[in-house]
Protein chains: 2
Amino acid sequence: MTSPPSRRRRATVHDVATEAGVSRGTVGRVINGDGYVSASAREAIEAAIKKVGYVPNTAARTLVMQRSQAVGFIVHEPHSLFLEDPNIGEILLGANTALSASDYQMVCLIVDSDRDTERVARYLSGGFVDGVIIVSARQDDPITRVVERLSLPAAFVGHPPDLGTAAFVGIDNRGSARTITTRLLETGRTRVGMIAAALDRDSGADRLAGFTEALGARFDPTLVEPVPLYSYRAGLEGMRALLAREPLVDGVFAASDAVAAGALEALREAGRSVPEDVGVVGFDDSAWATRCQPPLSTVHQPAAGLGQRAAESVLRQVDGAEPEVDQIVLETPIVWRGSA
Amino acid sequence: MTSPPSRRRRATVHDVATEAGVSRGTVGRVINGDGYVSASAREAIEAAIKKVGYVPNTAARTLVMQRSQAVGFIVHEPHSLFLEDPNIGEILLGANTALSASDYQMVCLIVDSDRDTERVARYLSGGFVDGVIIVSARQDDPITRVVERLSLPAAFVGHPPDLGTAAFVGIDNRGSARTITTRLLETGRTRVGMIAAALDRDSGADRLAGFTEALGARFDPTLVEPVPLYSYRAGLEGMRALLAREPLVDGVFAASDAVAAGALEALREAGRSVPEDVGVVGFDDSAWATRCQPPLSTVHQPAAGLGQRAAESVLRQVDGAEPEVDQIVLETPIVWRGSA
DNA sequence: AGGGAATGTGTGCACGTGCACACACGCGAA
DNA sequence: TTCGCGTGTGTGCACGTGCACACATTCCCT
């Protein structure tokens, strides 16, 4: 009867103990399943737990164990690429699957503003998570620095951080881009261009580099159309610009499936048929790829696998393994559909 | 020097106190900013905090305060509608904004399997969150039951739970569907159909009900094509089926923008032009709406606002307010673009 | 018969924090 | 002097848990 709106007091081990007529220690042994407990005591305690509706207080357990059985999943995107990039969602689910299998709770933390940065840093410092998975960290990121300072087990997805010692899981953007461009050239195209997105990010720059390598001596910079984002609209406008400048283009490597979808629309506007007049390939193998008309030939990005491997790396580090053994590059098979 | 892989011990108030030559109590007063502290002590303590790199241990604070300054955001979707439904991401960001403004941490919990359900229930029971925002709860949901049992402050987004006493924030699906259907009829269409998705969920059923009401005596059940999901593919296939059965259809209300996008593709296949031959309207005003050709006329769903209002409701309840005053229905203005 | 396992149970301490209380000091008024 | 008050500081307890230790009982082996 302290104050009416306050929720009722939670049952503790002590309540269970008095209810079952034993001591706290015995109750603890039953809950954690170790040590010797007589059958009669066990039964009495289990009944008491049910009766008083006992659930362990995780905060207290975390405090004494120095372990929270939770791992943070940090998404640090300026506004909300979170919404547009289907990969992030897939990475998240992959990580959740792996953590769930080891009975860890995933805690998803969105960093959307500077205010968030500070709060998340406090949260991490507070010992609420045993480790973190970091997606798309920036250079000189305050969150990254906090993680280093706490020497919190961490795994980066997508790109290694500045320091070479941390664990990361990624794909070979450059090699994959080179491979699919080569495949596109093998279909007999002679003037192959690229809609190169997000050149300020490693993934974007690497994909362009791979494209350039594949073309070798045939590379012609006027066939590269840079656009700011991995978005449908960027693809639409980029393709329009490319067509206006180079009407004879007969092949296009789009930096992502969303960009490719926009490019297909621009080609349709211009009356070009795909793949007859122009071959188009994308990158990601996201939902866009099968939703397009014709469906896209693209590079499969194993997003769920990235999340899963990152989670496994963090769990290994929580168990005391060294991070640097975990620098993993996953395979990116090419999926050939109808667009080239 | 206990064990090399273990991370170094965190600094505590005690370390700060000895470093600054004062007692724990004084340090606490500086950190929490109440009580009398001399200027000299304050300076010494602030310097000591910087020097030893002190950050409060949130677990300990949670334990003693019975407050975690965190709110759970629970997404309970069978497989991963999470990825496909852009509304969920927007709701999430809206909630994060509101919580962030009150200096609360949002903790996003994904429930993807039965195993997750159990673990999340334990997590909630553990006192790691002061309240929860629940998106798309199911009937007889175990998570919902846990929340009730703990009498944890909660707000449901989308639809009220079985019990009428809990807080929820939603939109008037039926009224909005009725309004946009009426607008579509006012453009002079005579045979207006609907691609009705997800009839097993309240939102889907309510949108169909609104459509039916708008047509009144003119309602013809053969013009309703039910499809399972709010997806592009469902829209594509649904529209094909509807066209095959009713070639004279000249207006379509699609249950979501993704469905409408699929319908546009089917109409294009069939050689119908939009909006000349057939008027199409959608629902959600998501990214699909502006990405389509022509851009969609649709019902604006204030997803970010839903998240924000839900968060505010939870925070009010944490402060002791009664939940039942928070049963909020947000406005859903119609956005008229080119597709009808 | 006596010593030592094996089995079963209770108690004290620690985790790091907030808060209530006690205490110390200087000063002015009764 | 003695009391009260404002200011500044130290200490003990509580939060709920896990774990190490101490203790109690039984049983077997020498």
Side-chain angles (χ1 to χ4, degrees), chain A residues 2 6-45 48-49 52-70 122-123 125-128 130 150, chain B residues 2 6-45 48-49 52-70 122-123 125-128 130 150:
Chain A
T2 52
S6 88
R7 34 196 196 283
R8 72 167 177 283
R9 203 180 66 82
R10 299 254 313 274
T12 73
V13 269
H14 195 82
D15 300 325
V16 175
T18 54
E19 176 69 30
V22 294
S23 75
R24 291 170 21 238
T26 308
V27 175
R29 275 184 279 271
V30 169
I31 291 167
N32 298 310
D34 57 35
Y36 301 105
V37 182
S38 66
S40 62
R42 163 165 283 117
E43 279 170 33
I45 289 166
I49 287 176
V52 302
Y54 170 73
V55 274
N57 181 317
T58 325
R61 183 178 274 171
T62 295
L63 180 60
V64 63
M65 298 283 282
Q66 316 275 44
R67 277 279 190 105
S68 62
Q69 290 282 327
R122 268 213 316 278
Y123 189 84
S125 308
F128 270 4
D130 295 336
L150 297 169
Chain B
T2 53
S6 87
R7 33 196 197 282
R8 70 168 180 283
R9 205 180 65 81
R10 299 254 314 275
T12 72
V13 269
H14 195 82
D15 301 324
V16 175
T18 54
E19 175 70 31
V22 295
S23 76
R24 292 169 21 236
T26 309
V27 176
R29 275 182 280 270
V30 169
I31 291 168
N32 298 310
D34 56 36
Y36 299 105
V37 181
S38 67
S40 61
R42 163 165 283 116
E43 280 171 33
I45 288 166
I49 287 176
V52 303
Y54 170 74
V55 273
N57 181 315
T58 325
R61 183 177 273 171
T62 295
L63 180 61
V64 63
M65 299 283 282
Q66 316 275 47
R67 275 281 189 107
S68 62
Q69 290 282 327
R122 268 213 317 278
Y123 189 84
S125 308
F128 270 3
D130 295 337
L150 297 169

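Everything quoted here is computed from the prediction, not taken from an experiment.
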Least distance between heavy atoms, B:D15 atom then B:T18 atom: O-OG1, 3.0 Å

Earlier contact from the 5' end, DNA chain D, for B:G21 and B:A60: B:G21

Between N or O atoms, less than 3.5 Å apart, protein on one side and nucleotides 26-28 of chain C on the other: list the pairs.
none

Distance (rounded to the nearest 0.5 Å) between B:I49 CD1 and B:E19 CD: 11.0 Å

Closest non-hydrogen atom pair, B:A59 against A:T62: CB-CG2, 3.9 Å

side-chain N/O A:S23 vs C:dG10 OP1/OP2, d < 4.0 Å: yes

Non-neighbouring partners of A:T26 that pass side chain to side chain contact (heavy atoms under 4.5 Å, CB included), sequence neighbours left out: A:V22, A:S23, A:R29, A:V37, A:A41, A:I45

Whole-Å gap separating C1' (D:dT17) and CG (B:N57): 14 Å

Protein-nucleotide distance (A:Q66, atom CD; C:dG16, atom C1'), rounded to Å: 9 Å

Sugar-phosphate only, base, or nothing, as touched by A:A59 at under 4.0 Å among non-hydrogen atoms: nothing

A:T62 side chain near D:dT17 phosphate (N/O to OP1/OP2, under 4.0 Å): no

Rounded distance in Å - CD1 (B:I49) to C1' (C:dG16): 14 Å

Side-chain N or O of B:Y36 closer than 4.0 Å to phosphate OP1/OP2 of D:dT7: yes

Name the pairs: protein N/O against N/O of nucleotides 18-25 of chain D, kept only if under 3.5 Å.
from   : atom 1 : to    : atom 2 : distance (Å)
D:dG18 : OP1    : A:N32 : OD1    : 3.4
D:dG18 : OP1    : A:R61 : NE     : 2.7
D:dG18 : OP1    : A:R61 : NH2    : 2.8
D:dG18 : O6     : A:R24 : NH2    : 2.9

Nearest-0.5 Å distance, CG of residue B:N57 to CG of residue A:L63: 6.0 Å

Rounded distance in Å - CD (B:Q69) to P (C:dT17): 16 Å

Phosphate-side-chain proximity, B:S38 and D:dT7, N/O vs OP1/OP2 below 4.0 Å: no

